[in-house]
Trainee: 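If you scroll down you'll find the structure; I have some questions about it.
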Amino acid sequence: MDRLTATPPDVTLGPLDLIPDGAARNFVLEMKAGRFHGFVVRRGGEVHGYVDRCAHMALPLAQTLDAYLTPDGSLIQCSWHGALYRIEDGLCVGGPCAGARLAAWPVAVRDGMIVTA
């Protein structure tokens with residue numbers, strides 16, 4: 001099965017409180033064309049989504065389920081090589097791929113639900 005890098009809009013992922021504030025959660029969507037792996041980071045009422053693939057080695061970022069953030073929750077961290085990414089835009093600010101970006105996965109909050117945008 002192919003690994004996809006995008007999803008259609010308006011797919012409901014779940015309620016906002018599915019992700020604790022300051023945390024991240026993995027999502028896998030099965031579609032006819034293949035399987036999509038992404039994750040969503042919550043900061044208050046805002047969410048930021050990314051394709052679960054490091055810009056350095058194209059590996060999934062987390063070796064442990066939902067462990068996408070640094071211990072203080074301030075950055076996204078690749079558990080393989082330590083690349084550090086800003087939550088708000090996916091820009092790599094440290095590690096082997098400085099200046100690269102994570103592939104964005106457009107998500108939004110509508111009526112208390114996280115949806116693909």
Trainee: Looking at CD of E88 and CG of L75, how far apart are the two atoms once the value is rounded to the nearest 0.5 Å?
Mentor: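 Separation between the atoms: 8.5 Å.
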Trainee: If you round to the nearest 0.5 Å, how far is SG of C54 from OH of Y85?
Mentor: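 Y85 OH to C54 SG: 3.0 Å, rounded to 0.5 Å.
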Trainee: Search all heavy atoms of A62 against all heavy atoms of D52 and return the closest pair with its distance.
Mentor: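 Heavy atoms only, the tightest pair is N-OD1, 4.3 Å.
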Trainee: Please name the pair of heavy atoms, one in P96 and one in H81, separated by the smallest distance, quoted to 0.1 Å.
Mentor: CD-O, 3.8 Å
Trainee: State whether the side chain of N26 and the backbone N or O of D66 hold a donor-acceptor pair below 3.5 Å, judged by distance alone.
Mentor: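 No; judged by distance alone, with no hydrogens or angles, the pair does not exist.
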Trainee: Check whether L59 and L4 end up in the same hydrophobic cluster, where Ile, Leu, Val, Met, Phe, Trp and Tyr are linked by side-chain heavy atoms less than 4.5 Å apart.
Mentor: no
Trainee: If you take all heavy atoms of T5 and F36, which pair is closest and at what distance?
Mentor: C-CE1, 3.7 Å
Trainee: Quick one: ring pair (Phe, Tyr, Trp, His ring centres under 6.0 Å) partners of Y68, sequence neighbours excluded?
Mentor: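 If we apply the ring pair (Phe, Tyr, Trp, His ring centres under 6.0 Å) test to Y68, skipping adjacent residues, the hits are F39.
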Trainee: Quick one: do L69 and I87 satisfy side-chain contact (heavy atoms from CB on, under 4.5 Å)? Show the steps, please.
Mentor: CA-CA 9 Å; L69 304 180; I87 292 170; 4.1 Å; yes
Trainee: With rounding to the nearest 0.5 Å, note down the distance linking CZ in R25 to CG in L13.
Mentor: 10.0 Å
Trainee: With hydrophobic residues grouped by side-chain heavy-atom distances under 4.5 Å, do L29 and V40 end up in a single group?
Mentor: yes
Trainee: Between Y50 (side chain only) and I76 (backbone N and O only), is there a donor and an acceptor less than 3.5 Å apart?
Mentor: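 Checking the backbone N and O of I76 against the side chain of Y50, no donor-acceptor pair under 3.5 Å is found.
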Trainee: What's the spacing between S74 OG and R43 CZ if we round to 0.5 Å?
Mentor: 7.5 Å
Trainee: Identify every side-chain donor-acceptor pair in residues 98-117 under 3.5 Å, counting partners at least two apart or on other chains, and give the distances.
Mentor:
{"from": "R101", "atom 1": "NH1", "to": "D89", "atom 2": "O", "distance (Å)": "3.2"}
{"from": "W105", "atom 1": "NE1", "to": "T7", "atom 2": "OG1", "distance (Å)": "2.8"}
{"from": "R110", "atom 1": "NH1", "to": "D10", "atom 2": "OD1", "distance (Å)": "2.8"}
{"from": "T116", "atom 1": "OG1", "to": "P8", "atom 2": "O", "distance (Å)": "2.7"}
{"from": "T116", "atom 1": "OG1", "to": "D10", "atom 2": "N", "distance (Å)": "3.1"}
{"from": "T116", "atom 1": "OG1", "to": "V11", "atom 2": "N", "distance (Å)": "2.8"}

Trainee: Please lay out, stage by stage, how I19 and V41 fare under the test side-chain contact (heavy atoms from CB on, under 4.5 Å).
Mentor: CA-CA 8 Å; I19 305 171; V41 181; over 6 Å; no
